[in-house]
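Let me begin by presenting the structure, written as structure tokens, before commenting on it.
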Amino acid sequence: MTQPTSFPLVRNVGYDGVLITFADTMTESSNRAALAFRNAIDALQWEGVFETSASLASAFLRFDPLQLPHAEIEDRVRQVLNQQDWYKAPLPGGRKLWRVPTVYGTDLAPQLDEAAAAAGLSPTEAIRRLSATQVRVLTIGFAPGQPYLGPLGPEFNIPRLKELNPMVPEGALVLAISQFVLFSGPTPTGWRHVGQTAFRCFRPENPQAFALNPGDEMLFHAVSRDELESLRAAGTDGAECQEITS
């Protein structure tokens, strides 16, 4: 995919932030660039940079302007940008693939049929495609440990709801604009509730409270309601995790 010549953009955010934007919309390549660039900055361990993050198509650096003047950090950032084509850069190492048992539809995820119709698919075909699509953790946000996941196929580029879902539970898998969100806690949402898991994104009792990291990948394979209830009764989410080696 050819990127516009205006990207990447380097802009100041307040007096102590720099935002590097790789596209004006999320694509696989712009998210890849954001994750890879953020990882490269972390590896450099610049003194005076004390926070980095990556969003759907941007990377952010927060720095101490008394140690790193704006002109100097912008010059450093541009030097790193010029080192390679970040849209084709390898993703960070240490990523994991999670396979998560998921109930699609039923009263546990009551908007699957509506989402399938909006995508021009039967519910059975929508479940087949959704459960077979390996999605990337594009970014973490909105709530502690909560991932935005994608991209899904273009048929799932469906709009958000016009009215809020008053509440979906922890572990809800919701869909809109060719992405999933896996909810880390009960909350209202404008996205369609298509699947339900027992997965806990936020685990404050653990040393690493966020189960997922940007760049991880997930498969939400279909199971029956009885299978999910059995997992819950056994005190497990049934998720399997392995390191991605390539």
Please report the interatomic distance [atom1]([X]) to [atom2]([Y]), rounded to the nearest 0.5 Å.
X	Y	atom1	atom2	value
I73	R62	CD1	CZ	12.0 Å
L149	T139	CG	OG1	10.5 Å
D24	S6	CG	OG	7.5 Å
I158	L161	CD1	CG	8.0 Å
Q146	C201	CD	SG	6.5 Å
E28	R136	CD	CZ	4.0 Å

Are [X] and [Y] linked by a side-chain donor-acceptor pair shorter than 3.5 Å?
X	Y	value
N165	Q111	yes
S122	T124	no
E227	S224	yes
R38	S53	no
R225	T106	no

Between [X] and [Y], is any pair of side-chain heavy atoms under 4.5 Å apart?
X	Y	answer
F156	L121	yes
L81	F37	yes
F63	W46	no
V194	F180	yes
D64	D16	no
R76	L44	no
W98	V137	no
H221	V100	no

Mind checking what makes side chain to side chain contact (heavy atoms under 4.5 Å, CB included) contact with [X], not counting sequence neighbours?
X	value
A132	none
V13	L19, F60
P169	A172, H193, Q196
Q83	V80

Where is the tightest heavy-atom contact between [X] and [Y], given as atom of each residue plus distance?
X	Y	answer
A198	D237	O-CB, 3.3 Å
A211	D216	O-OD2, 4.4 Å
F7	F22	CB-O, 3.5 Å
A126	A116	CB-CB, 3.6 Å
A34	A59	O-CB, 4.0 Å
G48	Q67	CA-OE1, 3.6 Å

Tell me if a side-chain donor or acceptor on [X] pairs with a main-chain N or O of [Y] at a distance below 3.5 Å.
X	Y	value
S58	S55	no
N206	Q208	no
Y104	F220	yes
S178	N157	yes
R192	E114	no
T197	T102	no
S30	A23	no

Should side-chain heavy atoms under 4.5 Å link Ile, Leu, Val, Met, Phe, Trp and Tyr, which residues sit in the same cluster as V181?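 Taking Ile, Leu, Val, Met, Phe, Trp and Tyr as members, V181 shares its hydrophobic cluster with M26, L56, L138, F142, Y148, V168, V174, I177, F183, W191.
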Hey, are E217 and R95 close enough for a salt bridge, meaning a charged N less than 4.0 Å from a carboxylate O? yes
Can we say R99 and E240 salt-bridge, meaning some charged N sits less than 4.0 Å from an Asp/Glu carboxylate O? no
Taking everything shown except E163 itself, do over 12 heavy atoms lie less than 6.0 Å from its CD?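 Incorrect, the count does not exceed 12.
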E47, CD atom: more than 12 neighbouring heavy atoms under 6.0 Å: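 Counting neighbours around CD of E47, 12 or fewer heavy atoms of other residues, nucleotides or ligands fall under 6.0 Å, so no.
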Sequence neighbours excluded, which residues qualify as side-chain hydrogen bond (donor to acceptor under 3.5 Å, both in side chains) partners of N39? none
Examine [X] and [Y] and state if one hydrophobic cluster contains both, with Ile, Leu, Val, Met, Phe, Trp and Tyr joined whenever side-chain heavy atoms are less than 4.5 Å apart.
X	Y	result
F202	M218	yes
V103	L112	no
L9	I41	yes
I244	L212	no
L173	I127	yes

Axial cation check for F199 ring with R203, 6.0 Å and 45° limits: yes
Run the side chain to side chain contact (heavy atoms under 4.5 Å, CB included) check on R200 and E205 step by step: do they pass? CA-CA 11 Å; R200 295 176 62 224; E205 71 279 6; 2.8 Å; yes
